[in-house]
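What follows is a set of notes on a single structure, which appears directly below.
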Amino acid sequence: MSVASTPYAVMAKRHDSKEELDFFPTPPWATRALCNWLLANDYIYSTDICWEPACGAGHMSRTLSEYFASVYETDINYYGCGVGGIDFLEKSPSNERSLTSWIITNPPFNKAEEFALRGLEVAHKGVALLVRTSFLEGVGRYNNLFTTNPPSAVLQFSERVPMHKGRLDPKGSTATSYCWAVWRTPRLPGHTQLHWIKPCRRSLERMEDYND
Ligand SMILES: C[S@@+](CC[C@H](N)C(=O)[O-])C[C@H]1O[C@@H](n2cnc3c(N)ncnc32)[C@H](O)[C@@H]1O
């Protein structure tokens with residue numbers, strides 16, 4: 001059962017201006033590429049519960065519902081999907097999903113490190129964040145995140161994943177490189193594995209992905 005269409009929504013609690021919220025919908029094929037890899041590697045099972053904590057208009061969470069028994073959808077703002085007004089970085093009783101197996105999202109880029117750390121506190125099985133590949137560099141992130149919590153795997157897209165502010169565009173293009181950073185909880189022994197996601201857009205993209 002999916003809770004992707006939670007029937008109520010709290011209106012936005014405004015911490016940041018809309019500009020700063022970084023609303024870039026994810027093309028569903030990019031989420032399918034992750035989930036197919038997680039399934040193939042026995043990282044996820046259909047009974048797992050997933051929380052998409054920055055769900056925007058639901059482009060990623062609806063796709064996650066193809067793979068997970070339940071998908072919780074929250075966002076700090078409300079874009080017509082899930083529950084708005086929930087700041088994932090704020091620790092409060094209403095913001096703890098004790099049954100959450102996986103946290104999967106495309107976080108605002110300037111808060112991706114905080115999302116990773118918070119996700120690692122909440123998820124029982126793992127965290128997967130779609131990030132710009134440049135997320136992997138930076139002394140601050142190295143010191144605060146990667147030395148203590150290196151990802152179990154980095155899945156680098158061989159194709160570009162076009163993302164545009166506020167809209168999904170089937171004909172869009174981008175100069176930005178993206179990857180999935182995946183953490184298992186508890187942490188797996190060993191070094192971060194680097195994998196390439198082979199070209200898959202043509203096989204994973206569906207016409208209806210762009211219906212709204
Ligand atoms: C890059 S968009 C991704 C939207 C959606 N995950 C997708 O992939 O289609 C980032 C989202 O993070 C939300 N956001 C920003 N700061 C947040 C916070 N502290 N807690 C929860 N959501 C936040 C924004 O409102 C925006 O919807």
Side-chain angles (χ1 to χ4, degrees), residues 2-6 9-35 50-68 71-92 94-97 100 102-123 127-135 155 157 160-170 172 174 176-182 201 204-206 208-212:
S2 167
V3 289
S5 51
T6 309
V10 181
M11 288 311 288
K13 185 166 60 173
R14 304 304 295 271
H15 293 258
D16 295 321
S17 75
K18 220 163 189 169
E19 270 307 294
E20 292 165 337
L21 291 178
D22 218 10
F23 174 47
F24 284 70
T26 303
W29 67 267
T31 304
R32 292 187 190 114
L34 166 78
C35 292
C50 181
W51 180 7
E52 214 289 32
C55 66
H59 295 89
M60 183 175 285
S61 53
R62 277 195 299 275
T63 312
L64 291 169
S65 299
E66 298 168 11
Y67 295 86
F68 288 92
V71 179
Y72 299 122
E73 301 167 290
T74 61
D75 197 289
I76 198 168
N77 199 1
Y78 182 61
Y79 303 88
C81 162
V83 183
I86 305 287
D87 183 345
F88 181 58
L89 302 177
E90 194 171 275
K91 297 181 188 178
S92 69
S94 65
N95 203 9
E96 300 292 340
R97 298 281 186 181
T100 301
W102 279 86
I103 295 283
I104 301 181
T105 192
N106 170 4
F109 187 71
N110 62 358
K111 293 188 184 142
E113 178 185 321
E114 291 98 314
F115 265 68
L117 290 169
R118 176 89 179 108
L120 290 169
E121 290 174 350
V122 173
V127 176
L129 300 184
L130 179 60
V131 288
R132 295 180 201 161
T133 305
S134 59
F135 174 73
L155 317 180
F157 280 96
R160 285 285 157 89
V161 183
M163 283 193 260
H164 303 281
K165 202 168 188 81
R167 70 195 163 87
L168 205 57
D169 182 352
T174 181
T176 306
S177 160
Y178 288 94
C179 64
W180 281 101
V182 180
R201 177 173 175 172
L204 297 181
E205 195 168 43
R206 302 175 192 161
E208 61 268 24
D209 290 343
Y210 300 97
N211 278 354
D212 51 9

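Ligands are counted one by one from 1 in listed order, and the atoms in each one are counted from 1 as well. Treat the numbers as computed from the prediction; the structure is a model and nothing was measured.
Contact of the S177 side chain with the R160 side chain is registered, since non-hydrogen atoms from C-beta on lie closer than 4.5 Å.
For the atom pair E66 CD and T31 OG1, the distance stands at 9.0 Å (nearest 0.5 Å).
Taking the six-membered ring for Trp and thresholds of 30 and 60 degrees, F88 and F115 have ring planes inclined between 30 and 60 degrees apart.
Aromatic pair Y67/W102: ring centres not closer than 6.0 Å.
Counting the atoms of ligand 1 from 1 in the order shown, those under 4.0 Å from a heavy atom of I86 are 20 (N), 21 (C). Interface atoms of ligand 1 facing P25, defined by a heavy-atom separation under 4.0 Å, are 9 (O). Heavy-atom proximity to D22, at under 4.0 Å, picks out these atoms of ligand 1: 1 (C), 2 (S), 10 (C). Per-residue contacts place T105 under 4.0 angstrom from the following atoms of ligand 1 (heavy atoms of the residue considered): 6 (N). The D87 neighbourhood of ligand 1 comprises atoms 18 (C), 19 (N), 20 (N), with distances under 4.0 Å to a heavy atom of that residue. If you number the atoms of ligand 1 from 1 as listed, the ones under 4.0 Å from a heavy atom of C55 come out as 5 (C).
Between T26 and ligand 1, at least one N/O pair is under 3.5 Å apart. Backbone and side-chain nitrogen or oxygen atoms of A54 are examined, and one is located within less than 3.5 angstrom of a nitrogen or oxygen of ligand 1.
By heavy-atom distance, the residue among P53, C81, A30 lying nearest atom 21 (C) of ligand 1 is P53.
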